[in-house]
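Take a look at the structure set out below.
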Amino acid sequence: MAYDPTEIEPRWQKYWLERKTFSVEIDRSKPKYYVLDMFPYPSGDGLHVGHPEGYTATDIMARYKRMRGFNVLHPIGWDAFGLPAEQYAIKTGTHPRITTQRNVENFRRQIQSFGFSYDWSREIDTTSPEYTRWTQWIFCKLYERGLAYQAEVPVNWCPELGTVLANEEVIDGRSEVGSHPVVRLPLRQWMLRITDYAERLLEDLADLDWPEPIKKMQREWIGRSEGARVRFALADHEDTTIEVFTTRPDTLFGATYMVLAPEHELVAVITRDDQRSQVEAYVNRTQSRSERARLADAEEKTGVFTGAFATNPVNGEAIPIWIADYVLAGYGTGAIMAVPGHDERDYAFAKTFDLPIIEVVSGGDVGHAAHSGDGVAVNSDFIDGLATPEAKTRMNIWLEERGLGAATVTYKLRDWLFSRQRYWGEPFPVIHLEDGSTALVPEDDLPLTLPELDDYRPSGDDFEAPLARVRDWIETLDPATGRPAKRDANTMPQWAGSCWYFLRFLDPHNDNEPWDQEAERYWMPVDLYVGGAEHAVLHLLYARFWHKVFFDLGLVHTKEPFAKLVNQGMILGESFRYYDDDISDLGDPGVRRFSADQIELGEDGPVAKDGGGALKVRWLNHADVVIDKESGAVHHPDFPDLTLERVVEKMSKSRGNVVSPDDVVQAHGADSMRLYEMFIGPLEKAAPWSTEGIMGIYRFLQRCWRLLLDDTSGEERLRELVDGPGTAKQARLRAQTIAGVTEEIENMRFNTAISKLMVLVRDIAKDAPLPREAAEALVLLLAPLAPHLAEELWQRLGHPDTLAYEPWPVADESLLVDDEITIVAQVNGKKRDELRVPKDATRDQIEALALASKRVQSHLGGREPKKIIVVPGRLINIVG
RNA sequence: GCCCGGGUGGCGAAAUCGGUAAACGCGGGCGACUUAAAAUCGCCUGGCCACAGGCCGUGCAGGUUCGAGUCCUGCCCCGGGCACCA
């Protein structure tokens with residue numbers, strides 16, 4: 001029998017499950033290691049080949065750390081609330097619970113078929129009442145601390161999805177999910193006060209072992225900005241002032257006008273009657289325009305004069321107050337002092353409306369453009385001559401002394417819009433009382449479960465959630481007074497469940513509290529967290545926020561939940577493309593076909609270079625194309641003259657480049673898939689799936705099998721193994737491989753770890769029979785990467801138990817360096833010869849050997865060496 | 001527009017302390033085994049030339065250095081993020 005993963009793998013998967021090989025409990029005699037995958041959403045499509053990449057990486061680390069003596073927590077569960085199941089329910093009437101259960105089962109089956117070493121006794125599901133109960137309990141804690149509040153806010157309403165989206169879920173005025181249009185509407189919503197934690201969320205990033213770009217994205221998202229608030233008195237309203245935020249208080253003398261956001265509350269108050277109709281028209285126009293439209297023409301500044309004037313506090317000058325949509329209501333105070341000389345946006349606005357421009361910082365030419373950089377203050381009375389940083393400080397002091405303003409810090413981060421007009425989410429554990437106030441549902445009554453529905457559609461035009469229609473659920477009694485009250489028709493966003501799931505894994509069946517304190521103190525923080533970079537700000541920021549609240553509540557002992565973060569790259573699909581002019585898919589026999597170099601991109605898509613006619617893209621699968629062996633060029637199977645363009649991109653149904661992991665497991669086994677995904681390149685980097693590539697890995701695993709087992713006679717027998725370490729060469733190769741693979745796995749460089757194992761398998765039994773020590777080391781080193789094969793071989797080597805807890809092999813340090821090494825001899829920086837020298841050869845010995853080399857001498861051409869550089873153990877360079 | 005990544009053989013990549021460029025794998029070529037094919041095993045595989053040898057070669061153009069894929073300056077291309085945040 002040859003190596004047969006379809007027989008070996010299910011057998012070992014069953015073994016692990018039945019024996020609970022990977023179940024863990026707190027064990028204070030061992031160091032702990034918590035390794036976590038980003039919470040999967042069980043979609044209807046099942047896993048594609050990209051999912052297992054991150055899971056394989058964490059599984060390798062989990063298995064490796066167990067062998068290194070760590071007590072490893074490696075759990076999995078389901079982030080099972082979410083839009084797709086609900087949209088499916090809207091279409092088919094199937095309850096999302098049914099869809100979700102079905103999908104979870106499929107995901108579990110697939111994930112188990114990859115042989116991941118999860119502790120299945122800790123499996124959780126965010127939609128289960130036992131989980132939802134604690135999500136709601138956490139909301140109560142947020143509410144009690146004043147971190148959850150309701151507000152009438154302009155929200156991102158997506159008519160297509162029938163819900164409100166968080167700012168983070170809107171990209172260029174469209175929904176992140178499905179790319180549907182989004183409009184701004186004022187609605188009463190639940191908000192979470194994440195802005196209270198802005199400073200800590202920013203500060204604590206510093207100590208995290210996360211990729212720098214992700215930290216940077218979070219820093220920019222939080223957007224800390226130092227400046228000053230300045231109060232401007234109004235010329236006609238003695239009791240009213242307008243406060244602005246500026247990062248450049250030093251330019252106050254250059255403030256020649258003021259701009260309010262159209263939504264600013266004082267707009268209606270200060271507008272002069274003769275300007276009112278124009279102002280109102282502008283406000284209405286702004287409201288009705290989508291964010292997208294506003295952004296699209298950001299170049300052109302628009303605005304209207306209110307007729308009112310403010311007084312510049314530094315010089316008493318009256319400056320006009322305008323409204324314009326380039327000032328955002330949600331940032332700072334929603335009002336600015338405009339300094340056209342030193343701000344590009346203000347400059348453009350001033351030019352458009354012919355407002356005065358004054359230079360107050362030297363170093364530029366305000367006649368031609370705004371000078372927004374630092375310089376020296378001019379035309380600025382008491383700060384004249386000061387450099388920008390000093391001028392800022394001086395102005396802040398001046399303002400503070402007179403009670404006109406103060407130095408302050410502002411953040412871009414906004415409060416988190418936390419309610420959705422959906423059915424398939426956690427209901428809010430609150431009731432609305434007759435007097436307009438709200439109260440929490442008593443803790444004993446949690447979880448508050450969802451009622452059954454006949455119709456999952458959103459209520460449409462009145463912007464209400466489906467739950468609003470369920471009267472006997474909505475209408476309830478206040479348990480405190482017995483008076484009528486109403487439940488909240490909104491549900492929480494999908495992020496809620498994933499904000500704390502890593503804590504529930506510590507103690508998943510606890511009925512008394514969300515997690516046990518002792519378990520938290522033992523297991524937290526997460527030592528390694530692996531997932532896609534698409535969660536850079538959303539999930540990772542929200543989860544950090546909640547964690548800090550838990551910290552303040554004394555529920556967790558670490559400030560941060562995820563000590564180390566790694567983003568895996570995507571597995572891409574390969575497809576091949578050409579173009580034709582059969583735009584309406586008529587199958588016209590006279591159709592013209594074009595290769596990539598015969599077309600160009602017009603405004604409405606591809607057009608032919610020769611005629612400019614519109615073209616349609618056509619895609620072919622790898623299996624259907626013809627590849628020229630000589631040149632590597634790819635051709636259409638039916639039209640050999642048509643050269644196809646290779647395109648590597650995200651897998652999608654429309655491209656026909658999706659690879660199913662079920663097919664891969666069936667054809668080559670889970671071990672091959674795991675190894676292949678790790679072998680194609682660094683974990684962080686995106687790489688294309690290749691059908692040929694996995695064959696190479698499959699062959700390698702077969703070689704491992706045959707190295708230990710003799711299957712020529714038809715009954716696979718263990719080969720005769722030489723006891724002990726074998727020859728000196730074999731012992732050295734074994735030691736070098738152990739040292740190399742250990743180092744690579746520690747740094748999660750699995751691709752090079754695998755290549756080192758390939759070298760071992762290739763060379764270990766080349767000149768002498770395989771020694772037992774080498775065979776056992778190979779199997780143990782292979783175990784984290786290809787666990788099924790390793791378990792099988794381990795058993796055949798005579799070990800009755802799983803190797804999951806076998807000690808990791810140790811390299812004999814003394815064997816790591818050869819006695820004789822190769823040194824490169826260079827002449828003037830170019831390699832000319834190689835020298836074999838003892839590993840501890842002296843500088844003089846190497847020099848003598850190099851100068852004795854014929855090749856070196858011929859390239860020196862009789863010249864005297866001017867300088868000789870010796871790099872110990874590496875090379876000698878003779879300059880002459 | 002701004003900010004991050006990244007450009008190395010036909011392909012995925014390695015070289016991460018400035019020190020032998022291309023380890024390992026795919027693809028390709030040649031050979032062994034075979035009636036044959038598959039599988040397997042062995043060797044070769046960056047380009048060019050006056051071919052026991054030499055020249056060129058890590059996106060492009062320069063620079064620093066005995067020595068540059070690696071450091072510096074300018075530019076080009078690809079991927080991602082942000083985008084009126086005062």
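In what follows, chains are A, B, ... by sequence order, proteins preceding strands, each numbered from 1.
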With A:Lys215 via side chain to side chain donor-acceptor pair (under 3.5 Å) - residues at least two apart: none

Please identify each residue that fulfils side chain to side chain donor-acceptor pair (under 3.5 Å) with A:Glu212, with sequence neighbours left out. none

Within the 4.0 Å limit for protein heavy atoms, which parts of nucleotides 45-53 of chain B are touched? Write it as a string from 5' to 3', B for base, S for sugar-phosphate only, - for none. --------S

Letter per nucleotide, 5' to 3', of nucleotides 77-82 of chain B [B base touched, S only sugar-phosphate touched, - untouched; heavy atoms, 4.0 Å]: ----S-

Check: protein-nucleotides 22-26 of chain B nitrogen or oxygen pairs below 3.5 Å:
from: B:C24; atom 1: OP1; to: A:Arg762; atom 2: NH1; distance (Å): 2.3
from: B:C26; atom 1: OP1; to: A:Arg699; atom 2: NE; distance (Å): 3.2
from: B:C26; atom 1: OP1; to: A:Arg699; atom 2: NH2; distance (Å): 2.8

Contacts satisfying salt bridge (Lys or Arg N to Asp or Glu O under 4.0 Å) that involve residues 220-232 of chain A (not counting sequence neighbours) are A:Glu199-A:Arg224, A:Lys216-A:Glu220, A:Arg224-A:Glu226, A:Arg229-A:Glu243, A:Arg231-A:Glu243

Provide the full list of salt bridge (Lys or Arg N to Asp or Glu O under 4.0 Å) pairs with a residue in residues 250-259 of chain A, sequence neighbours left out, each pair given once. A:Arg248-A:Asp250

Assign B:G9 to syn or anti; the rule is syn for a glycosidic angle within 90° of 0 and anti otherwise. syn

What's [X] touching, base or sugar-phosphate or nothing? Going by heavy atoms closer than 4.0 Å.
X        : value
A:Lys866 : nothing
A:Arg832 : sugar-phosphate
A:Glu684 : nothing
A:Ile869 : base
A:Ala686 : sugar-phosphate

Rounded to the nearest Å, what distance is computed from the [atom1] atom of residue [X] to the [atom2] atom of nucleotide [N]?
X        : N     : atom1 : atom2 : result
A:Glu743 : B:A14 : CD    : P     : 15 Å
A:Leu875 : B:A68 : CG    : P     : 12 Å
A:Asp767 : B:G42 : CG    : C1'   : 14 Å
A:Leu572 : B:C11 : CG    : C1'   : 14 Å

Side-chain contact test, heavy atoms from C-beta onward, threshold under 4.5 Å: evaluate it for A:Leu757 versus A:Val741 and give yes or no. yes

Identify, with sequence neighbours excluded, every residue that meets side chain to side chain contact (heavy atoms under 4.5 Å, CB included) alongside A:Asp209. A:Lys564

Could you pull out all residues at least two apart from A:Lys412 that satisfy side chain to side chain contact (heavy atoms under 4.5 Å, CB included)? A:Tyr331

Interatomic distance at [atom1], [N] relative to [M], whole Å:
N     : M     : atom1 : answer
B:C48 : B:G1  : C1'   : 44 Å
B:A21 : B:G67 : P     : 14 Å
B:C3  : B:C75 : P     : 12 Å
B:G6  : B:U73 : P     : 16 Å

RNA chain B contacts among residues 820-830 of chain A, heavy-atom distance under 4.0 Å: A:Val824, A:Gln826, A:Lys830

Return no unless some side-chain N or O of A:Arg248 is found under 4.0 Å from OP1 or OP2 of B:A86. no

salt_bridge(A:Lys839, A:Glu820) N-O dist < 4.0 Å: no

Please state whether the base of B:C3 and the side chain of A:Lys216 form at least one donor-acceptor pair under 3.5 Å? no

Contacts of A:Phe349 that satisfy ring pair (Phe, Tyr, Trp, His ring centres under 6.0 Å) - sequence neighbours left out: A:Tyr257, A:Trp322, A:Tyr326, A:Phe353

Is there a donor-acceptor contact under 3.5 Å linking the side chains of A:Thr195 and A:Asp415? yes

Hey, what do you get for CD1 (A:Ile754) to CZ (A:Arg749), rounding to the nearest 0.5 Å? 13.5 Å

Name the stems with RNA chain B in them: runs of three or more consecutive Watson-Crick or G-U pairs, distances under 3.5 Å? B:1-7 with B:76-82, B:10-12 with B:24-26, B:27-32 with B:40-45, B:46-49 with B:53-56, B:59-63 with B:71-75

